[in-house]
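Below is one structure, written out as structure tokens; comments come after it.
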Amino acid sequence: MTRTVTGVHITPDGNRTDATVPTDNLTDFFKKHLGGWPEYAHYGTTDSAVCVVVHETSMSNGHAANVLATKAVERIMGGGLSYNLHGAVVLVGYQPRTDTLINLSEDQRSIIEALAQDEDVRAWQMYMAGMTASPTPHRGSAA
């Protein structure tokens, strides 16, 4: 029986769907869900880490920045990224001590959902997806 882990698939427009990821045949699974070869990166601490999977050429192919996924990773890892994630992104939990994919934790899911409801994150998401003019950040913004 194939082991699976649960995560979330986030599109550049901020739509989120649950993802059930098989831990074998990862390349085939992610090629299907991301539209091309996957690129993996791990962010976080030994207590709270995620594996971020993106299409390896999403930025150079002109895919829109994924503000929600970028902000979620920054919040989970406790610091800023020097770049935006682009295109569709799949986030799953990661255990760095054993180099193992695990279920996205409830705390990590809560971070994603809170950011998805944040007015400023949504405004930047729409702007980066090319749907609106440049947003004016609100005081107390998570962005």
Side-chain angles (χ1 to χ4, degrees), residues 3-23 25-143:
R3 187 175 82 85
T4 61
V5 295
T6 58
V8 64
H9 180 261
I10 305 172
T11 59
D13 62 4
N15 286 325
R16 299 160 318 284
T17 54
D18 287 333
T20 301
V21 179
T23 57
N25 297 321
L26 285 173
T27 299
D28 291 339
F29 175 84
F30 286 122
K31 280 175 67 177
K32 176 182 175 188
H33 286 85
L34 300 174
W37 286 96
E39 181 175 334
Y40 306 88
H42 305 112
Y43 300 98
T45 66
T46 54
D47 296 322
S48 179
V50 291
C51 177
V52 176
V53 189
V54 298
H55 182 295
E56 73 174 346
T57 58
S58 58
M59 187 164 72
S60 62
N61 287 350
H63 296 169
N66 193 322
V67 176
L68 177 58
T70 302
K71 295 297 178 192
V73 168
E74 289 175 337
R75 186 73 54 90
I76 290 166
M77 69 183 245
L81 292 173
S82 60
Y83 52 86
N84 283 313
L85 300 171
H86 285 76
V89 174
V90 176
L91 296 173
V92 294
Y94 178 68
Q95 176 45 257
R97 290 183 192 115
T98 58
D99 191 29
T100 307
L101 297 181
I102 59 175
N103 294 331
L104 203 59
S105 74
E106 287 306 313
D107 287 344
Q108 292 165 336
R109 287 181 179 278
S110 294
I111 288 168
I112 294 166
E113 288 308 311
L115 288 168
Q117 302 308 315
D118 183 278
E119 231 176 270
D120 292 320
V121 171
R122 289 195 336 235
W124 278 107
Q125 192 85 32
M126 299 286 285
Y127 171 69
M128 296 301 279
M131 298 184 210
T132 63
S134 180
T136 302
H138 295 84
R139 189 170 288 220
S141 166

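Predicted model only: the values in this text are computed from it and were never measured. In what follows, every heavy atom counts, from backbone to side chain, and hydrogens, waters and symmetry copies are set aside.
- For the pair L68/R16, a side-chain contact is recorded, criterion being any heavy-atom separation below 4.5 Å from C-beta on.
- Considering only heavy atoms from C-beta on, L115 stays 4.5 Å or farther from E74 through its side chain.
- Between H9 and the options D18, V90, V53, a side-chain contact (heavy atoms from CB on, under 4.5 Å) holds for only V90.
- The NZ atom of K71 lies 9.0 Å from the CZ atom of R75; values are rounded to the nearest 0.5 Å.
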Residue pair V89, V73: steps toward the side-chain contact (heavy atoms from CB on, under 4.5 Å) verdict: CA-CA 11 Å; V89 174; V73 168; over 6 Å; no
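- To the nearest 0.5 angstrom, F29 atom CZ is 9.5 Å from T4 atom OG1.
- To the nearest 0.5 Å, the span separating SG on C51 from CG on D99 amounts to 9.0 Å.
- Pairing each heavy atom of Q108 with each of S48, the nearest pair is NE2-OG, 3.2 Å.
- The side-chain heavy atoms of V54 and H86, taken from C-beta on, include no pair separated by under 4.5 Å.
- Note that CG of N66 and CG of L85 are 6.5 Å apart. Values are rounded to the nearest 0.5 Å.
- Rounding to the nearest 0.5 Å gives a distance of 12.5 Å between CD1 of I102 and OG1 of T23.
- Considering all non-hydrogen atoms of both residues, A88 and L34 come closest at O-CD2, 3.5 Å.
- At least one side-chain heavy atom of V52 sits less than 4.5 Å from a side-chain heavy atom of Y43.
- Across all their heavy atoms, T20 and P22 have their closest contact at O-CD, 3.7 Å.
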Steps toward side-chain contact (heavy atoms from CB on, under 4.5 Å) verdict (L101, L26): CA-CA 11 Å; L101 297 181; L26 285 173; 3.9 Å; yes
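- The shortest heavy-atom contact between F30 and V21 is CZ-CG1, 3.7 Å.
- Nearest approach of P12 to A65, heavy atoms of both residues: CB-O, 3.9 Å.
- No side-chain heavy atom of V92 sits under 4.5 Å from any side-chain heavy atom of L104.
- Taken from CG in L91 to CZ in R109, the straight-line distance is 10.0 Å, to the nearest 0.5 Å.
- Closest heavy-atom contact between K31 and P38: CG-CD, 3.9 Å.
- Defined by atom type and a distance below 3.5 Å, a donor-acceptor pair is missing between the side-chain atoms of T45 and D47.
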